[in-house]
Amino acid sequence: MSTSIDFVQSPVVVARALIGWTLLVNGVGGVIAETEAYDMDDEASHSFRGMTARNAAMFGEPGTAYVYRSYGLHWCLNLVCGPAGHGAAVLVRALEPTEGIDTMRQRRGMQPLRLLTTGPGRVAQALGVDRSFDGLPLDRPPFALRPPRAVCPVSVGARVGITKAAERPWRFALIGSAHLSRRL
DNA sequence: CTTTCGATGATCT
DNA sequence: GATCATCGAAAGG
């Protein structure tokens, strides 16, 4: 098992590989339980029509963050991957909370554990991620990534909440996790 | 349990 | 002017 993620790979490979890793922001976070891949030749991806002010970070260095606002209300955190300039990223859709649970509860309005980091908008809110984290490298503070302790069983399925290219099996989830945004 | 719908604003056509 | 990589509350079985 490797000790770091190679972000210079396709978003599908990275999305699969990330399941089971622990993602922390300023020491707060948990085990990645659900991810989705987005690529340049993918109609559902923000990068599909080329670089814009919003998605510029998607075309930056692999191993950095891409943060965007969703539905005018929520933030969503992506991990940029593929060769630099490729416009690929992995959306972090759910975590199993492990570190800084009290902090996450306060940020989320004292929600039950189950709803702290289940869904991309909730993950960003619980970890305190907003646009100011856009473009930041993932291998040093405020971010931290720690490898899984054991091999993780992973399922593959269709992505969530999109209308275009919805059939691509680009959603990955930790089998048996109680913190998935949708059932397998 | 499931489905529906409003909130809310940046982004792109 | 339309479209959203969502969430939470409310309504219906």
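Reminder, nothing fancy here: chain letters follow the sequence lines and each chain counts from 1. Every value quoted in this text rests on a predicted model; they were computed, and no experiment measured them.
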> Given atom CZ of Arg159(A) and atom P of dA5(C), what is their separation to the nearest angstrom?
Replying inline: 10 Å

>> Both Lys164(A) and Val123(A) contact DNA chain C. Which one's nearest nucleotide lies toward the 5' end?
In response: Lys164(A)

>> Please pick, from dA5(C), dT6(C), dC12(B), the nucleotide with the shortest atom-to-atom distance to any side-chain atom of Ser70(A).
In response: dT6(C)

> Does Tyr71(A) get its side chain close enough to the base of dA7(B), under 3.5 Å, for a donor-acceptor pair?
Replying inline: no

> Over how many whole Å does the gap from Leu180(A) atom CG to dC7(C) atom C1' extend?
Replying inline: 17 Å

> In whole Å, what is the span from the CZ atom of Arg69(A) to the P atom of dA10(B)?
Replying inline: 7 Å

> Base, sugar-phosphate alone, or nothing: which one does Arg122(A) contact when heavy atoms must sit under 4.0 Å apart?
Replying inline: sugar-phosphate

> Base, sugar-phosphate alone, or nothing: which one does Thr163(A) contact when heavy atoms must sit under 4.0 Å apart?
Replying inline: sugar-phosphate

>> Hydrophobic cluster membership, with links at side-chain heavy-atom distances under 4.5 Å among I/L/V/M/F/W/Y: are Leu23(A) and Val154(A) in one?
In response: yes

>> Taking 4.0 Å as the cut-off, does a side-chain nitrogen or oxygen of Arg131(A) come that near to OP1 or OP2 on dA10(B)?
In response: no

> In whole Å, what is the span from the CH2 atom of Trp75(A) to the P atom of dT11(B)?
Replying inline: 9 Å

>> Tell me whether the side-chain N/O atoms of Thr52(A) come closer than 4.0 Å to OP1 or OP2 in dC12(B).
In response: yes

> Expressed in angstrom and rounded to an integer, what is the separation of Phe48(A) atom CZ from dA5(C) atom P?
Replying inline: 13 Å

> Given atom CE of Met58(A) and atom P of dT11(B), what is their separation to the nearest angstrom?
Replying inline: 15 Å

>> Which residue is it: Gln111(A), Arg107(A), His74(A), Arg108(A)? I am looking for the one with a side chain to side chain donor-acceptor pair (under 3.5 Å) to Gln125(A).
In response: Arg108(A)

> Between Met104(A) and Val25(A), is there a shared hydrophobic cluster once you connect ILVMFWY residues whose side-chain heavy atoms come closer than 4.5 Å?
Replying inline: yes

> Heavy atoms under 4.0 Å, any strand shown: does Leu73(A) hit a base, just sugar-phosphate, or nothing?
Replying inline: base

> Watson-Crick or G-U wobble partner for dT3(B), using a 3.5 Å limit on both distances?
Replying inline: dA10(C)

>> Regarding Arg108(A), tell me which of base, sugar-phosphate or nothing describes its non-hydrogen contacts under 4.0 Å with the strands shown.
In response: sugar-phosphate

> Taking atom OG1 of Thr64(A) and atom CG of Leu136(A), what is their separation to the nearest 0.5 Å?
Replying inline: 8.5 Å

> Can you find a side chain N or O atom of His46(A) that sits less than 4.0 Å from OP1 or OP2 on dA5(C)?
Replying inline: yes

> To the nearest Å, how far apart are Phe172(A) CZ and dA5(C) C1'?
Replying inline: 15 Å

> What's the closest nucleotide to the Arg49(A) side chain, out of dT13(B), dA5(C), dC7(C)?
Replying inline: dT13(B)

Would you give me the side-chain donor-acceptor pairs under 3.5 Å for residues 76-87 of chain A, sequence neighbours excluded?
| residue | atom | partner | partner atom | Å |
| --- | --- | --- | --- | --- |
| Asn78(A) | ND2 | Tyr66(A) | O | 3.3 |
| His86(A) | NE2 | Asp39(A) | OD1 | 3.1 |

> Please give, in whole Å, the distance from dT6(C) P to Asn78(A) CG?
Replying inline: 11 Å

